[in-house]
Amino acid sequence: MKSFSTIRKAGTLLAATAAAAMLLVGCGSATSTGSAAASSNSTGSSVSTSASSTASSAQSTSTDAAQTVADADTEDADGTESTDASGSGKTLVVYYSATGDIQRDAEEIAKVTGADLFEITPAEPYTQDDLNWTNPDSRVSKEHEDESLRDVPLSTTEVPDWDSYDTVFIGYPIWWGTSAWPTDSFVKANDFTGKTVIPFCSSLSSGIGSSAEDLAKLAGTGNWQEGQRFSSSVSEEDIDSWVESLGITN
């Protein structure tokens, strides 16, 4: 039989072994719990990072979209990308010239603006005698006295590709304070809807008078401007300066 001392030592050893085992189990549990916590923290960090990335991407997309809208607004404002619904922006110079002065002015305006030209021609052209307003028996004198004679037939009133013109200059000599009758015939025969119309005239001494207003009434359509009167001796520089003031130079 073993002695009490030996049994006591064995018991003490067993107790120590059990305590050590429990300590190891506790450490393992703590380690496992810590790993789980760490894993949980890692997962949370991953989710947080992913959410942050998504938010950043959405913010970037929103910023890009806003910039696109801003760019589009800027392009529309300066006209570089937008389409002008009013038309092509072409300019036409229409004129009736009895003595050649208006023809010269019209050609200069067309040169400065890059416009096309269209000459109004009566079916029965006026002779020098017809234009002698000091003779009461001349053609223009009779037409002045009898308004029913002022409906002057033209060789044509149709302008090729008329609808493509947004701006129309109309030139004419002044007869008795208003536009020469052939000009009236052209204006009455055409539709000026959507067009800016700029009258110009030539005379020895008379001003533009009521000619621009009279033509606007005859037309009934179009955005008619005040117009400009030139003397028969106007210089090209003066014509150019007037056209440039309108902002319609080529």
Side-chain angles (χ1 to χ4, degrees), residues 91-122 124-145 147 149-150 152 154-155 159 165 167-188 190 192 195-219 222-250:
T91 301
L92 176 70
V93 180
V94 177
Y95 70 95
Y96 167 65
S97 186
T99 62
D101 291 339
I102 283 294
Q103 180 177 356
R104 181 199 61 195
D105 301 343
E107 289 174 348
E108 182 62 22
I109 293 172
K111 184 181 74 174
V112 176
T113 61
D116 296 329
L117 280 167
F118 179 86
E119 182 179 7
I120 299 171
T121 56
E124 183 183 344
Y126 287 82
T127 66
Q128 289 299 316
D129 289 339
D130 291 339
L131 295 170
N132 185 3
W133 60 274
T134 62
N135 180 0
D137 292 325
S138 70
R139 179 180 173 182
V140 290
S141 294
K142 291 179 179 179
E143 290 169 346
H144 173 251
E145 292 300 321
E147 291 189 15
L149 299 177
R150 300 184 192 177
V152 179
L154 304 178
S155 58
V159 178
Y165 296 101
T167 303
V168 178
F169 287 85
I170 292 188
Y172 49 86
I174 293 292
W175 288 357
W176 281 275
T178 190
S179 54
W181 339 131
T183 316
D184 301 350
S185 297
F186 176 85
V187 167
K188 287 187 291 185
N190 285 280
F192 292 85
K195 303 183 189 300
T196 296
V197 189
I198 308 172
F200 65 97
C201 62
S202 177
S203 68
L204 292 173
S205 58
S206 301
I208 194 170
S210 63
S211 62
E213 296 176 2
D214 294 341
L215 289 173
K217 290 178 182 178
L218 287 175
N223 178 21
W224 288 74
Q225 305 300 300
E226 183 177 353
Q228 177 69 28
R229 175 258 177 189
F230 298 122
S231 69
S232 57
S233 60
V234 66
S235 66
E236 292 182 355
E237 289 74 16
D238 287 341
I239 295 175
D240 295 351
S241 178
W242 172 65
V243 173
E244 289 171 0
S245 72
L246 301 174
I248 312 178
T249 54
N250 184 17

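Atom-to-atom distance recorded for Asp101:CG and Ser233:OG is 9.0 Å, nearest 0.5 angstrom. Atom CD1 in Ile248 sits 6.0 Å away from atom OG1 in Thr91 (nearest 0.5 Å). Between atom CG of residue Leu92 and atom CD1 of residue Ile109 there is a gap of 11.5 Å, rounded to the nearest 0.5 Å. Here Thr121 contributes atom OG1 and Leu154 contributes atom CG; the two are 6.5 Å apart, rounded to the nearest 0.5 Å. If you take CG on Asp105 and CD on Glu236, they are separated by 9.5 Å, rounding to the nearest 0.5 Å. Residue Ile120 holds its CD1 atom at 5.0 Å from OG1 of Thr183, rounded to the nearest 0.5 Å.
In this structure, the side chain of Asp240 does not engage the main chain of Glu237 through any donor-acceptor pair within 3.5 Å. Within the 3.5 Å criterion, the main-chain N or O of Asp129 finds no donor-acceptor partner in the side chain of Arg139.
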For this session: Apply side chain to side chain donor-acceptor pair (under 3.5 Å) to Ser179 and Asp184, showing your working.
Result: CA-CA 7 Å; Ser179 54; Asp184 301 350; 2.7 Å; yes
Exercise. Would Ile239 and Val112 count as a side chain to side chain contact (heavy atoms under 4.5 Å, CB included) if you check the C-alpha gap in whole Å, the side-chain angles of each, and the deciding distance to 0.1 Å?
Worked result: CA-CA 9 Å; Ile239 295 175; Val112 176; 5.8 Å; no
For this session: Just do the side chain to side chain contact (heavy atoms under 4.5 Å, CB included) check on Val94 and Tyr165 with the steps written out, would you?
Result: CA-CA 11 Å; Val94 177; Tyr165 296 101; over 6 Å; no
For this session: Apply side chain to side chain contact (heavy atoms under 4.5 Å, CB included) to Glu143 and Val152, showing your working.
Result: CA-CA 9 Å; Glu143 290 169 346; Val152 179; 4.2 Å; yes
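Closest approach of Val93 to Ala115, counting heavy atoms only: CG2-CB, 3.8 Å. Of all heavy-atom pairs between Ser231 and Arg104, the closest is O-NH2, 4.2 Å.
The ring-ring contact (aromatic ring centres under 6.0 Å, His included) check on Phe192 picks up Trp162, Trp224, with sequence neighbours excluded. Residues passing the salt bridge (Lys or Arg N to Asp or Glu O under 4.0 Å) test with Lys217, sequence neighbours excluded: none. When the salt bridge (Lys or Arg N to Asp or Glu O under 4.0 Å) test is applied to Glu107, no partner is found at least two apart in sequence or on another chain. Looking at residues two or more places apart in sequence or on another chain, you find a side-chain hydrogen bond (donor to acceptor under 3.5 Å, both in side chains) between Ser203 and Arg229.
Counting only residues at least two apart or on different chains, no ring-ring contact (aromatic ring centres under 6.0 Å, His included) pair has a member in residues 94-116.
Within a 6.0 Å sphere centred on CH2 of Trp176, other residues, nucleotides and ligands contribute more than 12 heavy atoms. By the 6.0 Å contact criterion, CD on Glu124 is open, its count of non-hydrogen atoms from other residues, nucleotides or ligands being 12 or less.
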Under 3.5 Å donor-acceptor pairs involving side-chain atoms of residues 208-216, not counting sequence neighbours:
from	atom 1	to	atom 2	distance (Å)
Ser210	OG	Asp214	OD2	2.9
Ser211	OG	Tyr172	OH	2.7
Ser211	OG	Ile208	O	2.7
Asp214	OD2	Thr178	OG1	2.8

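For Trp181 and Trp175, the gap between ring centers is short of 6.0 Å.
Ring geometry, Trp242 versus Phe200: the interplanar angle falls from 30° to 60°, so the pair is classed tilted.
The pair Lys142-Glu145 fails the salt-bridge criterion, with no side-chain N (NZ, NE, NH1 or NH2) lying under 4.0 Å from an Asp/Glu carboxylate O.
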